[in-house]
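Quick notes on the structure that follows.
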Amino acid sequence: MPELPEVETIAKKLKSVVVGRKIEEIQIFNPKTFQGDAQLLLSQEIVDVSRRAKIIEMVFANDYVLLTHLKMTGQYLFQNDGDLIAGGHPTNDWQEQLPGKHTRVQINFEDKSKLFFNDMRKFGWLRLVAASSLETVYSALGPDIISPEVTTDYLLSQFKRRKMPIKQAIMLNEIVCGVGNIYACDSLNLAKISPFRPAQSLSREEVDILLSSMKVIINKAIEYGGTTFDGKYVDIEGKAGSYQTKVLTYGREGKNCYNCGGTIQKTKLGGRGTYFCPDCQI
DNA sequence: GAGAGTGTTGTAAC
DNA sequence: GGTTACAACACTCT
């Protein structure tokens, strides 16, 4: 679920509701989820919210930044006056009550509104760092897929020495950030390139097509608010994304390929479920 | 009821 | 140095 489009959507919504609010109390229900000294944030005001790779940054007036990685199942829910600020959230039992069974961190603001971090599998984390050490955190990450830094030449230079399947290469964060499993499958289908091709075997023309395909898919997913399977991804208002209704390959095993009418197959590549059309992805 | 599979990614081992 | 395997965890599906 949370891939770049989801994180982008969540960061934007978060920004619209938490900027300007001051923290009164932070309750940590799962100690491993919160890294750093939460006390530093008491009485501090959130001045900005942004996103880098799949990490959400909440910037505070005292130059500390609270980073959040949602990993597989993390989600933020914002509550004001006892109600979620917009209805329509899925009726999963773990979202009916807040804080709930899977709430790991609860942030109470001075105006009595609340922000909940829910994460079933506990892979996600919140990390408080000084603004000055942000660069260290991001040093191993490549540029975002939607950044102008990612060009055909850049990708060609990264793929040149890699023998690994192209699907794994585009999911490597040191090359580009923001292409997760679902969008990797769909981008390769749109580009009509087999996920198994060694990265270094792609021609300049193919890399060019793949790059524009990835941007098309990611932008479309952002437009639709991300992807929801089994109601496990919701934005901070509890609303589900709708890219899953637009998905080209992921979860469509046995269905027709939109490119050529062939049959979408599922296989495993690098330990990850991989969907592709063997007829047109060559 | 046991066992496999799940959208992420850092780390260790090969 | 590139690549793979696995762990972190809780839940659903077969």
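All chains are named by letter (A, B, ...) in the order of the sequence lines, taking the proteins before the strands, and each is independently numbered beginning at 1. Heavy-atom basis, side chains included; hydrogens, waters and symmetry copies ignored. Computed from a predicted structure; not experimentally measured.
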Legend entry - Length of the line joining A:Lys54:NZ and B:dG10:C1', which is rounded to integer Å: 14 Å
Legend entry - Separation of atom CG in A:Leu172 from atom P in C:dT4, rounded to whole Å: 10 Å
Legend entry - A:Asp119 CG to B:dT8 P, straight-line distance once rounded to whole Å: 14 Å
Legend entry - Closest nucleotide among C:dA8, C:dT4, B:dT8 to the A:Met164 side chain: C:dT4
Inset, instruction - Can you tell me the distance, in whole Å, between the CD atom of A:Glu174 and the P atom of C:dG1? - result: 12 Å
Legend entry - Residue A:Arg272, side-chain atoms from C-beta onward, closest of C:dC9, C:dC11, B:dT9: B:dT9
Inset, instruction - Starting at atom CE of A:Met72, determine the distance to atom P of C:dA7, rounded to an integer number of angstrom. - result: 15 Å
Inset, instruction - Only one of A:Tyr275, A:Tyr243, A:Tyr183 passes ring-ring contact (aromatic ring centres under 6.0 Å, His included) with A:Tyr250; say which it is. - result: A:Tyr275
Inset, instruction - Output yes when A:Asp111 and A:Arg21 qualify as a salt bridge under the 4.0 Å nitrogen-oxygen rule, no when they do not. - result: yes
Inset, instruction - May I have the distance from A:Lys268 (atom NZ) to C:dA5 (atom P), rounded to whole angstrom? - result: 11 Å
Legend entry - Any A:Gln168 side-chain nitrogen or oxygen under 4.0 Å from OP1 or OP2 of C:dG2: no
Inset, instruction - Name the closest nucleotide to the A:Lys101 side chain, picking from C:dC11, C:dT3, B:dT9. - result: C:dC11
Inset, instruction - May I ask you to decide if A:Pro278's main-chain N or O and A:Gln281's side chain share a donor-acceptor pair within less than 3.5 Å? - result: no
Inset, instruction - When you get a sec, tell me which of B:dT9, C:dT4, C:dC11 is the closest nucleotide to the side chain of A:Lys71? - result: B:dT9
Inset, instruction - Considering only NZ, NE, NH1 and NH2 on the basic side and carboxylate oxygens on the acidic side, decide whether A:Arg51 and A:Glu8 come within less than 4.0 Å. - result: yes
Inset, instruction - Give the intermediate values and the outcome of side chain to side chain contact (heavy atoms under 4.5 Å, CB included) for residues A:Val59 and A:Leu66. - result: CA-CA 6 Å; A:Val59 184; A:Leu66 183 61; over 6 Å; no
Inset, instruction - Measure from CH2 on A:Trp125 to P on C:dA7 and round the result to the nearest Å. - result: 22 Å
Inset, instruction - Let me know, please, whether A:Arg121 or A:Leu141 comes out on the 5' side of the other along DNA chain B by nearest nucleotide. - result: A:Arg121
Legend entry - Distance test, side-chain N/O of A:Lys32 to OP1/OP2 of C:dC9, below 4.0 Å: yes
Inset, instruction - Give the nucleotide from the list B:dT6, C:dT3, B:dT8 with an atom nearest to the side chain of A:Arg162. - result: C:dT3
Legend entry - Residue A:Met120, side-chain heavy atoms: nucleotide from C:dC11, C:dC9, B:dT8 that is nearest: C:dC11
Inset, instruction - Pick the P atom in C:dC11 and in B:dT9, then give their distance to the nearest Å. - result: 22 Å
Legend entry - Closest nucleotide among C:dA10, B:dG7, B:dT6 to the A:Ile182 side chain: B:dG7
Inset, instruction - Consider the side chain of A:Lys266, meaning its heavy atoms from C-beta on, and name the nucleotide among C:dC9, C:dC11, B:dT6 that approaches it most closely. - result: B:dT6
Inset, instruction - Please tell me which of the listed nucleotides, C:dA10, B:dG7, C:dT3, lies nearest to the side chain of A:Tyr250? - result: B:dG7
Legend entry - B:dA4 to C:dC6 separation - C1' atoms, rounded to the nearest Å: 16 Å
Inset, instruction - Looking only at side-chain atoms of A:His69, point me to the closest of C:dA10, B:dT9, B:dT6. - result: B:dT9
Legend entry - Spacing of A:Phe123 atom CZ relative to B:dT9 atom P, expressed in whole Å: 12 Å
Inset, instruction - Respond yes when some side-chain nitrogen or oxygen of A:Asn181 is under 4.0 Å from OP1 or OP2 of B:dT8, and no when none is. - result: no
Legend entry - Partner nucleotide, any strand, of C:dC9 [Watson-Crick/G-U, under 3.5 Å]: none
Legend entry - P gap between B:dG5 and C:dA5, integer Å: 14 Å
Inset, instruction - Indicate yes or no: does A:Lys192 engage A:Glu205 in a salt bridge with an N to O separation below 4.0 Å. - result: no
